[in-house]
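Have a look at the structure below before the remarks.
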2 protein chains.
Amino acid sequence: MEGNARKVPLNRNRREQRSEESRARILAAATTIFAEKGPDGARVDEIAKASGINKRMIYAYFGNKEELYAEVLRSNYNKIYALSTKAVDLKRTPKENVTRAVRAYFYFLAENEAFVRLSSWEALNGGRFSRKVLPSFVDLLVLAFDDIVKDGIQRKFIRPNIDIRQVLFSIQALCLTYFNRRELMQPLWQEDLLSGEMLEARLQHILDLITDGIFYHGEAVE
Amino acid sequence: MEGNARKVPLNRNRREQRSEESRARILAAATTIFAEKGPDGARVDEIAKASGINKRMIYAYFGNKEELYAEVLRSNYNKIYALSTKAVDLKRTPKENVTRAVRAYFYFLAENEAFVRLSSWEALNGGRFSRKVLPSFVDLLVLAFDDIVKDGIQRKFIRPNIDIRQVLFSIQALCLTYFNRRELMQPLWQEDLLSGEMLEARLQHILDLITDGIFYHGEAVE
DNA sequence: CTTTAAAGTAACTAATTAGTTACTTTACTC
DNA sequence: GAGTAAAGTAACTAATTAGTTACTTTAAAG
């Protein structure tokens, strides 16, 4: 069947292409709206309107609202999968590795507000959906970091009594909350919290806190 | 009028008492349910049922769903008002003061899950309601802390280049996120994150991070 | 004991919204 | 270019839910 050249369209099936494009547009609109309003506040009709595609097709492509939401989560968690595999530690100093990992995470959040918000809705919903969607993505984050920290401890740069999980929790907290609670904290500042300078200032503060917290002060011991 | 003893009931108006009690029961149920489901997910009928009081009375006492929600927020923010005024710094060392303030905040959150969740819903809703409700409660928190830190800087215990707002943000982040993201992070631990030992362990980790981050290492300088 | 006003109830209304159905358009296949 | 299967549309349905109305019960006051 595949051998028959006449049956294979030169440029891949225009209809198929169109439908893939539609699916993608629905997913993009859904990401924006679910991130903005949360799974409860988001309206299927609004997503249809924003994507410019009829509601009927949302059900054709994704089944129902909940599955669409799950798909949005999946595609967004994939982004951090990609990040955590990329940020793998080379043979730099532990401090450099930690700095690089935190910086990567911080700027990932800065550039992916949808991710920040989606994961926050999830946290409030007890991870109801996340559990179905992701094969324990927290573990991945830990694994990536675990290596850095264990290396650091062996090379006597990092205090051995440190609990990696606590440190991870803290890094997550320090980075996420900046974007998470931005609007509630904005009154304290004059500047836009998302300007380049403010972002760098925040990241620098976080790095100071983290490294001074987990590293011996002064040079490596022994 | 008040002089006529016969007209003044001995035990204060039983009806009035009953209605105050009803109002309180509605507010308590609303707090639980708004905290659990958020302003969008919460159902007025559910609140009525949980409080054991007819829906009609919710509208009689509070006007509508939104005003009830605002009232829930108000009563919960009041708790932290009370906290921030109580935790005022005496003439202890700056490090002791910071430690005490952070500990008070941390255990306040541990004991008030409703507060944690309500403020998280608010953060995701851009503080829509908070702005109406609270006369900038963040400011209060800052003021309480500002004194401690300025004292610390003057007495050369705290680095002068520290940005108090960043530190406040970080303390909030480190404490809140523990309760906030508890369910998503739970997979990393075997123990219950809310047990007495785990709470103390987390608080200790936070204190290490904060104090090592903002204090000179070693003794006070000059 | 009767009047009265507020507390409380149950059943209703109007609006919203997830999901469906019956129909039309488009473009691939022969 | 005729047949067909999928993409797409618009109008509908059923369920939910915020808010209301017309009515009953309770207890304070003369």
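Chain letters run A, B, ... following the sequence lines, proteins first and then strands; every chain starts at 1. Owing to the predicted nature of the structure, the values given are computational and were not obtained by experimental measurement.
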Next on the checklist: Using five pairs at each end of the helix from C:dC1-D:dG30 to C:dC30-D:dG1 to define an axis, what is the angle between those two axes, to 10°?
Outcome noted: 0°

Next on the checklist: Rounded to whole Å, how long is the line connecting atom NZ of A:Lys49 with atom P of D:dA10?
Outcome noted: 13 Å

Item to check | A:Ser19 vs D:dA6: side-chain N/O to OP1/OP2 distance below 4.0 Å | outcome: no

Checklist entry - Between D:dT25 atom C1' and B:Met57 atom CE, what is the distance in whole Å? => result 12 Å

Checklist entry - Along nucleotides 19-24 of chain D, 5' to 3', which nucleotides get a B, which get an S, and which get a -, given that the test is a protein heavy-atom distance under 4.0 Å? => result BBBB--

Next on the checklist: What's A:Ala42 touching, base or sugar-phosphate or nothing? Going by heavy atoms closer than 4.0 Å.
Outcome noted: sugar-phosphate

Item to check | Whole-Å distance separating the CZ atom of B:Phe62 from the C1' atom of C:dG8 | outcome: 15 Å

Checklist entry - Between B:Phe108 and B:Phe179, is the ring centre distance below 6.0 Å? => result no

Checklist entry - Between CG of A:Leu184 and CD of B:Gln172, what distance do you get to the nearest 0.5 Å? => result 7.5 Å

Checklist entry - Quick one: side-chain contact (heavy atoms from CB on, under 4.5 Å) partners of A:Glu200, sequence neighbours excluded? => result A:Arg103, A:Tyr107, A:Leu203, A:Gln204

Checklist entry - Between A:Phe115 and A:Tyr77, how do the two ring planes meet: parallel, tilted or perpendicular, split at 30° and 60°? => result perpendicular

Item to check | Length of the line joining A:Glu21:CD and C:dT26:P, which is rounded to integer Å | outcome: 16 Å

Next on the checklist: Categorize B:Tyr61 for me: base, sugar-phosphate, or nothing, with a 4.0 angstrom heavy-atom threshold over every strand shown.
Outcome noted: sugar-phosphate

Checklist outcome for this item: A:Asp40 CG to D:dT16 P, in whole Å, measures 15 Å

Item to check | A:Phe34 CZ - C:dA18 C1' separation (whole Å) | outcome: 11 Å

Checklist entry - Mind checking whether B:Arg181 and A:Ser120 have side chains closer than 4.5 Å, heavy atoms only? => result yes

Checklist entry - Does A:Tyr69 have a side-chain nitrogen or oxygen under 4.0 Å from the phosphate oxygens OP1 or OP2 of C:dA18? => result no

Next on the checklist: Less than 4.5 Å apart, side chain to side chain, heavy atoms only: is that true for A:Leu199 and A:Tyr178?
Outcome noted: yes

Item to check | side-chain hydrogen bond (donor to acceptor under 3.5 Å, both in side chains) partners of residues 49-61 of chain B, not counting sequence neighbours, each pair once | outcome: B:Asp45-B:Lys55

Checklist entry - B:Arg43 CZ to D:dT16 C1': how many Å, rounded? => result 8 Å

Pair up each side-chain donor or acceptor in residues 187-196 of chain B with any protein partner under 3.5 Å, not counting sequence neighbours, and list the distances.
residue: B:Asp192; atom: OD1; partner: B:Leu194; partner atom: N; Å: 3.0
residue: B:Ser195; atom: OG; partner: B:Asp192; partner atom: O; Å: 3.3
residue: B:Ser195; atom: OG; partner: B:Met198; partner atom: N; Å: 3.3

Checklist entry - With A:Lys65, which residues qualify under side chain to side chain donor-acceptor pair (under 3.5 Å), at least two apart? => result none

Checklist entry - D:dA18 P sits how many Å from B:Lys37 NZ, rounded? => result 11 Å

Checklist entry - Below 4.0 angstrom from OP1 or OP2 of D:dG8, is there any side-chain N or O of A:Ser22? => result yes

